[in-house]
Amino acid sequence: MLTLQVPEQFVVGLIAIGSLKDTALLELIRELPHISVAIEPDEIVRLLSSKVKSISKKDLREVLKTLIGITQVKKQLDIATSEIVPLICNAMSRSTNENLKHAGEKCENFSDRLVQLLNADSIELLAKAAGIVTDYDCVFLRADILSDVRAIFGPDTESLPKSAAIIHTLSVAYRQNGESKNFYVAMSSKDLETLINTLNRAVSKEKGLKKVLDAANVPFLKTE
């Protein structure tokens, strides 16, 4: 029989779902269908919080993150909502986190809540939008450029340098198979110009593609 462990990043969201008052849950379920996936995630939280005032922004963010994550796991396992929810409840009831365990032990009530939330079409779309960006072997996290001066000495190393070179090191952090990794590339001033021009060209192409989507009346998905 398939068993699951509750990922650490889902813990806060699952506890929040279990602790929602019935009125707050109904408000959230009512507003979820009106979410537009063509806006930034933080903007989604802001707009939801303006409608669902009984849930804090922090809890809304965690609940959405958890629902999207569960939906992605469901797709990976190729199982239905009705199948994954009991697995989650079972995993919660086995947790060493008392708050999570308590929510899981009230399985009937909790599973009903989770099914209603996961069945919102907007959650499915948000999960697909997130998957489009992250469904690659390597996913970009951040980049930095370190610049330093390398001195060039003559035969007498105690004398002043004869010349110097400015070297730039591009550091790219990325995620692969759930792990954060880095690679480093040495760059010259000319390389920097090439990189800047390449990035500017990519930004320009994105603007052109947005115009095509606007003309076709297709919302542009903005993801983190």
Side-chain angles (χ1 to χ4, degrees), residues 5-13 36-49 56-66 68-69 71-73 75-76 125-216 218-224:
Q5 296 293 327
V6 177
E8 188 63 32
Q9 63 267 31
F10 294 174
V11 170
V12 177
S36 170
V37 296
I39 56 177
E40 299 286 355
D42 283 346
E43 182 67 6
I44 290 174
V45 173
R46 190 189 70 78
L47 291 174
L48 262 182
S49 66
S56 69
K57 283 186 180 181
K58 178 183 176 182
D59 282 347
L60 279 173
R61 184 175 290 105
E62 293 296 334
V63 167
L64 284 176
K65 181 176 73 174
T66 299
I68 291 169
T71 300
Q72 291 176 322
V73 171
K75 292 295 183 184
Q76 292 168 3
L125 290 173
L126 287 170
K128 286 182 178 179
I132 286 172
V133 174
T134 59
D135 192 19
Y136 292 90
D137 183 47
C138 299
V139 179
F140 176 83
L141 295 177
R142 61 187 176 278
D144 294 296
I145 292 182
L146 310 175
S147 303
D148 61 280
V149 176
R150 302 288 176 89
I152 301 173
F153 291 92
D156 185 0
T157 56
E158 293 187 3
S159 299
L160 291 173
K162 297 296 184 181
S163 185
I166 298 176
I167 302 296
H168 307 279
T169 302
L170 172 65
S171 169
V172 175
Y174 63 99
R175 184 172 62 251
Q176 185 178 38
N177 297 326
E179 296 182 18
S180 296
K181 300 182 180 181
N182 285 76
F183 70 80
Y184 301 88
V185 179
M187 304 181 72
S188 67
S189 299
K190 184 66 176 177
D191 295 331
L192 286 181
E193 292 178 10
T194 299
L195 180 59
I196 290 170
N197 289 336
T198 301
L199 293 175
N200 284 336
R201 178 171 170 77
V203 171
S204 179
K205 288 192 289 186
E206 180 172 308
K207 290 179 180 178
L209 291 172
K210 284 181 181 178
K211 291 179 181 178
V212 173
L213 292 174
D214 286 340
V218 176
F220 172 71
L221 300 181
K222 297 180 181 179
T223 55
E224 292 182 325

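Since we're looking at a predicted model, the values are computed, not measured.
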Asker: Does E206 form a salt bridge (Lys or Arg N to Asp or Glu O under 4.0 Å) with K210? I'd like the steps, not just the answer.
Answerer: CA-CA 6 Å; E206 180 172 308; K210 284 181 181 178; 3.4 Å; yes
Asker: At their closest point, which heavy atom of A143 faces which heavy atom of F140, and how far apart are they?
Answerer: N-CZ, 3.6 Å
Asker: Among L192, I145, L146, which residue meets the side-chain contact (heavy atoms from CB on, under 4.5 Å) test with L170?
Answerer: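 Single side-chain contact (heavy atoms from CB on, under 4.5 Å) partner of L170 among L192, I145, L146: I145.
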Asker: How long is the straight-line distance from CG of L160 back to CZ of F153, given to the nearest 0.5 Å?
Answerer: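 It is 8.5 Å, given to the nearest 0.5 Å.
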Asker: Is there a side-chain contact between S189 and H168 (heavy atoms, below 4.5 Å)?
Answerer: yes
Asker: For G13 and T66, which heavy atoms make the closest approach, and how far apart are they?
Answerer: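 Looking at all heavy atoms of both residues, the closest pair is CA-OG1, 3.3 Å.
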Asker: Mind checking what makes salt bridge (charged side-chain N to carboxylate O under 4.0 Å, His left out) contact with D148, not counting sequence neighbours?
Answerer: R150
Asker: To check you understand the geometry: which heavy-atom pair defines the closest contact between A127 and I68, and what is its length?
Answerer: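 For A127 and I68, the tightest heavy-atom pair comes out as CA-CG2, 3.7 Å.
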Asker: Can you tell me how far apart CZ (R61) and CZ (R46) are? Round to the nearest 0.5 Å.
Answerer: 12.0 Å
Asker: K181 versus F183: any side-chain heavy-atom pair under 4.5 Å?
Answerer: no
Asker: To the closest 0.5 Å, what do you measure between CG (L195) and NZ (K190)?
Answerer: 13.0 Å
Asker: Quick one: closest heavy-atom pair of Q9 and K65, and the distance?
Answerer: O-CE, 3.5 Å
Asker: Taking atom types as modelled, find out whether S188 and D191 have a side-chain donor-acceptor pair closer than 3.5 angstrom.
Answerer: yes
Asker: So, using salt bridge (charged side-chain N to carboxylate O under 4.0 Å, His left out) as the criterion, who are the partners of K162 when residues are at least two apart?
Answerer: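 Applying salt bridge (charged side-chain N to carboxylate O under 4.0 Å, His left out) to K162 gives none.
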Asker: Does D214 use its side chain to pair, donor to acceptor, with the backbone of K211 at less than 3.5 Å?
Answerer: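 Looks like no, no N/O pair under 3.5 Å.
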Asker: When you measure from the side chain of S49 to the backbone of V45, do you find a donor-acceptor pair of N or O atoms at a distance under 3.5 Å?
Answerer: yes
Asker: Step through the shown structure and confirm whether more than 12 heavy atoms of other residues, nucleotides or ligands are within 6.0 Å of CD1 on I166.
Answerer: no
Asker: Applying side chain to side chain contact (heavy atoms under 4.5 Å, CB included), name anything that partners R201, two or more places apart in sequence or on another chain.
Answerer: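 Partners of R201 under the side chain to side chain contact (heavy atoms under 4.5 Å, CB included) test: K205.
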